[in-house]
A.B. asks: 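Got a structure for you, written out below as structure tokens; questions coming shortly.
Naming convention: chains lettered A, B, ... in sequence-line order (proteins, then strands); numbering from 1 in each chain.
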Amino acid sequence: MPKKRLLLFIFIIASLSLMTYQSNRGPLIPLKFLNNTLNGFHRIKNSVKDSINLPFRRMLLREEENTRLKAELIRVLKEQQRYQEVIFENKRLRELLSLKEREIRYVTAARILAKGTDQWSNILVIDKGLRDGITKDMVAITHRGLAGKITDVSDSFSSLLLLTGINFSAGARLQESRAEGIISGTGFRKCQLKYIPYEEEVKKGDTVITSGLDSLFPQGIPVGYVSKVNKKDIGLFQDIEILPFVDKAKIEEIVIIKKE
Amino acid sequence: MTYIIWTTIIFLTFIIQGSISIFDVTPNLTVVLAYYAGIRKKEVKGMFFGSLIGIVEDSLSGAFLGPNLLSKGLIGYFSSFVYRGVFIWTPLLGIISISALTLVDSTIIFLLRSIFDRTPVSIGAAVFIVAIQSLLNAPLGILLRPKDAQ
């Protein structure tokens, strides 16, 4: 066997052995320290991006202002647009503040720094860590509802597993009928509500909240609404698809609360 | 100097990869580096370089080590064969080969994660993700060419 092929063969066997070992003993993450460096760069990138975007955004707003000054009525509209971003931000922050006041388990508020490095994990990186009181398994919410849970914490950063992630699951119930089940991620945009008995009447649009029975997520956090109900001809449970209230593409800030 | 440039490129690739998404799909840019290493540095160096990128990506993803390590290593090894022997580099062949290798890479990662850990997404979503990642990488096939290409 030529040397190159032998090397390839050894490489494949070594990789497969490594994965087999980890599937039995748990994951090895020897280069975990690189995460902090990368997240630090994400933070720099975000501040550079903000400082570059800001003048352009202002220029754009001024140009719009000049064109719309022709008519008094349209000027009012332009002013509205100019401050819209600030109004939205203000609204978001006010909602976060009200969450803080309302939520007795409040730990801290955090910004999303980056998405995880790969598509499959459904992980977001946030700019707060151990120093801010965050620990593993804490719950992340927004004013819309449940966002996910903390899976990994370093001094200044944390990883947030989104509720759409395949490894996510939580005790949940339908708000109206109070039927209990388990919500888990599908890895993409939607979640699945499992173990709802076949005879239970579930309607499209029904709201799903956390049940608190998993001793992790506090009771009553809105999760999403029923987008599809599939009653199979056979079987004990229904196949229910849930669309989360929190859209992962639009999350900018989150609030971390203590677990149940 | 070459190593510093490569390290910077790898680092930038990870930052870009973690910052953008199209239709909720994160692009698979690291496979482009493994592919490029393969077509420029031949199979053994390509495999070594690919596996190095893969192990870093595995570590950064927070999951278990191996899927990216193996897939990127294989891409680094096999991409060197594309333009040796039968094929001569053309922009179209560049597009086809990088799309095909991205498809292979993402499929290997999906299968390995499904076998050794848990199925990360449903089959339908995986097909969608892999297709989008292949399409996103396709234009890069025009830019990345082997040393001896005209």
A.B. asks: Flag the one option from M47(B), E57(B), Q133(B), Q17(B) with the top tally of heavy-atom pairs under 4.5 Å to chain A.
C.D. replies: M47(B)
A.B. asks: For L113(A), which atoms come within 4.5 Å of any heavy atom of chain B: side chain, backbone, both, or neither?
C.D. replies: neither
A.B. asks: Looking at D58(B), L112(B), L65(B), D117(B), which hits side-chain contact (heavy atoms from CB on, under 4.5 Å) with M19(A)?
C.D. replies: L112(B)
A.B. asks: Do you know which of K3(A), R5(A), K4(A) makes salt bridge (charged side-chain N to carboxylate O under 4.0 Å, His left out) with E43(B)?
C.D. replies: K4(A)
A.B. asks: So for F23(B), is it side chain, backbone, both, or neither that comes closer than 4.5 Å to the heavy atoms of chain A?
C.D. replies: both
A.B. asks: What option among S122(B), G73(B), P120(B) has the most heavy-atom pairs under 4.5 Å with chain A?
C.D. replies: P120(B)
A.B. asks: Taking the six-membered ring for Trp, is the centroid-to-centroid distance between Y77(B) and F11(A) below 6.0 Å?
C.D. replies: no
A.B. asks: Hey, which residues of residues 157-169 of chain A are touching chain B, say heavy atoms under 4.5 Å apart?
C.D. replies: I166(A), N167(A)
A.B. asks: Determine whether L8(A) and F78(B) make a side-chain contact, defined as any pair of heavy atoms from C-beta on separated by less than 4.5 Å.
C.D. replies: yes
A.B. asks: May I ask you to name which of I115(B), I109(B), V121(B), L74(B) has the most heavy-atom pairs under 4.5 Å with chain A?
C.D. replies: V121(B)
A.B. asks: Heavy-atom distance under 4.5 Å to chain A: side chain of S21(B), backbone, both or neither?
C.D. replies: both
A.B. asks: Please check if the number of heavy atoms outside F48(B) that lie under 6.0 Å from its CZ is greater than 12.
C.D. replies: no
A.B. asks: How long is the span from the CG atom in D24(B) to the CG atom in N122(A), to the nearest 0.5 Å?
C.D. replies: 8.5 Å
A.B. asks: Of the backbone (N, CA, C, O) and the side chain (C-beta and beyond), which part of V44(B) lies under 4.5 Å from a heavy atom of chain A, both, or neither?
C.D. replies: side chain
A.B. asks: Is the CZ atom of R40(B) crowded by more than 12 outside heavy atoms at less than 6.0 Å?
C.D. replies: yes
A.B. asks: Between I123(A) and chain B, with a heavy-atom cut-off of 4.5 Å, which part of the residue counts as in contact: side chain, backbone, both or neither?
C.D. replies: side chain
A.B. asks: Is it the side chain or the backbone of P27(B) that comes within 4.5 Å of chain A heavy atoms, both, or neither?
C.D. replies: neither
A.B. asks: Determine the minimum heavy-atom distance between F116(B) and T20(A), stating which atoms define it.
C.D. replies: CE2-OG1, 3.4 Å
A.B. asks: Looking at chain A, which one of L69(B), I20(B), N28(B), L70(B) has the largest number of heavy-atom pairs inside 4.5 Å, strictly under?
C.D. replies: L70(B)
A.B. asks: Can you tell me if Y225(A) has over 12 outside heavy atoms packed within less than 6.0 Å of its OH?
C.D. replies: no
